[in-house]
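Reckoned from all heavy atoms, side chains included, excluding hydrogens, waters and symmetry mates.
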Amino acid sequence: MVDPSLTVVAVGGDGDGYGIGMGHFIHSCRRDLDITYIVFNNENYALTTGQASPTTPIGAVTKTTPSGNTTLPFDPVELAKHAGCSFATHAIDTKFADLKETIKAAIQHKGFSLIDVGQACPSYKRW
């Protein structure tokens, strides 16, 4: 905000972005700050051995949901749009060319941009 000529890109995961950091995420969307936020969404807290996150599907068995997740996951792109985000989209980690173009478009966009990157988790995502 001090130097608007800078390009700001932030990266994180679904756990920190949509769980622990939800307040920061929503208010960044609301304020439409010129930040590109790339979230790597593997639908669980993989760094802490695979607990359910805010995007874990219904029925998914994790360390914290051994009988299957019963909490309805939310769609971060729709949530971001509803909060005022002016650029929000899903992408897939294995579609490199598409992801590259999406990142370029997000950076060129003036205002807050979210790229929710769906990705596999070979360690804990078993659904």
Side-chain angles (χ1 to χ4, degrees):
M1 291 173 61
V2 172
D3 185 350
S5 69
L6 295 176
T7 300
V8 180
V9 177
V11 297
D14 55 304
D16 62 298
Y18 306 144
I20 298 162
M22 175 56 80
H24 301 289
F25 170 64
I26 290 295
H27 292 293
S28 294
C29 292
R30 287 182 56 237
R31 294 179 66 196
D32 203 24
L33 301 170
D34 195 13
I35 297 171
T36 297
Y37 188 29
I38 303 169
V39 179
F40 298 100
N41 185 353
N42 60 14
E43 301 176 336
N44 73 96
Y45 287 94
L47 291 178
T48 54
T49 67
Q51 294 91 343
S53 82
T55 58
T56 301
I58 291 288
V61 174
T62 73
K63 296 258 182 163
T64 54
T65 59
S67 298
N69 183 35
T70 58
T71 304
L72 186 65
F74 61 78
D75 181 334
V77 168
E78 290 304 313
L79 181 65
K81 288 177 182 178
H82 185 74
C85 181
S86 54
F87 181 111
T89 191
H90 292 286
I92 307 284
D93 65 344
T94 56
K95 296 186 176 182
F96 301 117
D98 292 343
L99 182 55
K100 176 183 169 184
E101 292 305 313
T102 301
I103 292 170
K104 283 170 53 176
I107 290 171
Q108 292 170 350
H109 173 78
K110 294 300 174 203
F112 192 80
S113 53
L114 169 69
I115 305 171
D116 180 72
V117 182
Q119 67 175 169
C121 177
S123 298
Y124 299 106
K125 188 174 177 181
R126 307 277 191 251
W127 52 91

From SG (Cys29) to NZ (Lys81), nearest 0.5 Å: 11.5 Å
Are the side chain of Asp116 and the backbone N or O of Pro76 linked by a donor-acceptor pair below 3.5 Å? no
Contacts table for residues 97-110: side-chain donor-acceptor under 3.5 angstrom, sequence neighbours left out:
unit_1 : atom_1 : unit_2 : atom_2 : d
Thr102 : OG1    : Asp98  : O      : 2.9
His109 : NE2    : Ser86  : OG     : 2.7

Rounded to the nearest 0.5 Å, what separates atom CG in Asp16 from atom CZ in Phe40? 11.0 Å
How long is the gap from OG1 on Thr49 to OH on Tyr124, to the nearest 0.5 Å? 5.0 Å
CE-NE2 distance between Met22 and His27, expressed to the nearest 0.5 angstrom: 10.5 Å
Taking the side chain from Asp32 and the backbone from Phe112, do they hold a donor-acceptor pair closer than 3.5 Å? yes
Residues clustered with Trp127, ILVMFWY side-chain links under 4.5 angstrom: none
May I ask you to test the His24-Tyr37 pair for a side-chain heavy-atom distance under 4.5 Å? no
Taking the hydrophobic residues Ile, Leu, Val, Met, Phe, Trp and Tyr, and joining any pair whose side-chain heavy atoms are under 4.5 Å apart, which ones share a cluster with Ile20? Tyr45
Exam field: side chain Asn44 to backbone Asn42, donor-acceptor pair closer than 3.5 Å: yes
Rounded to the nearest 0.5 Å, what separation is found between the CG atom of Leu114 and the CG atom of Leu79? 9.5 Å
Would the distance check show the side chain of Thr64 and the main-chain N or O of Ala52 forming a donor-acceptor pair, the cut-off being under 3.5 Å? yes
Is the number of heavy atoms from other residues, nucleotides or ligands within 6.0 Å of CG (Leu47) greater than 12? no
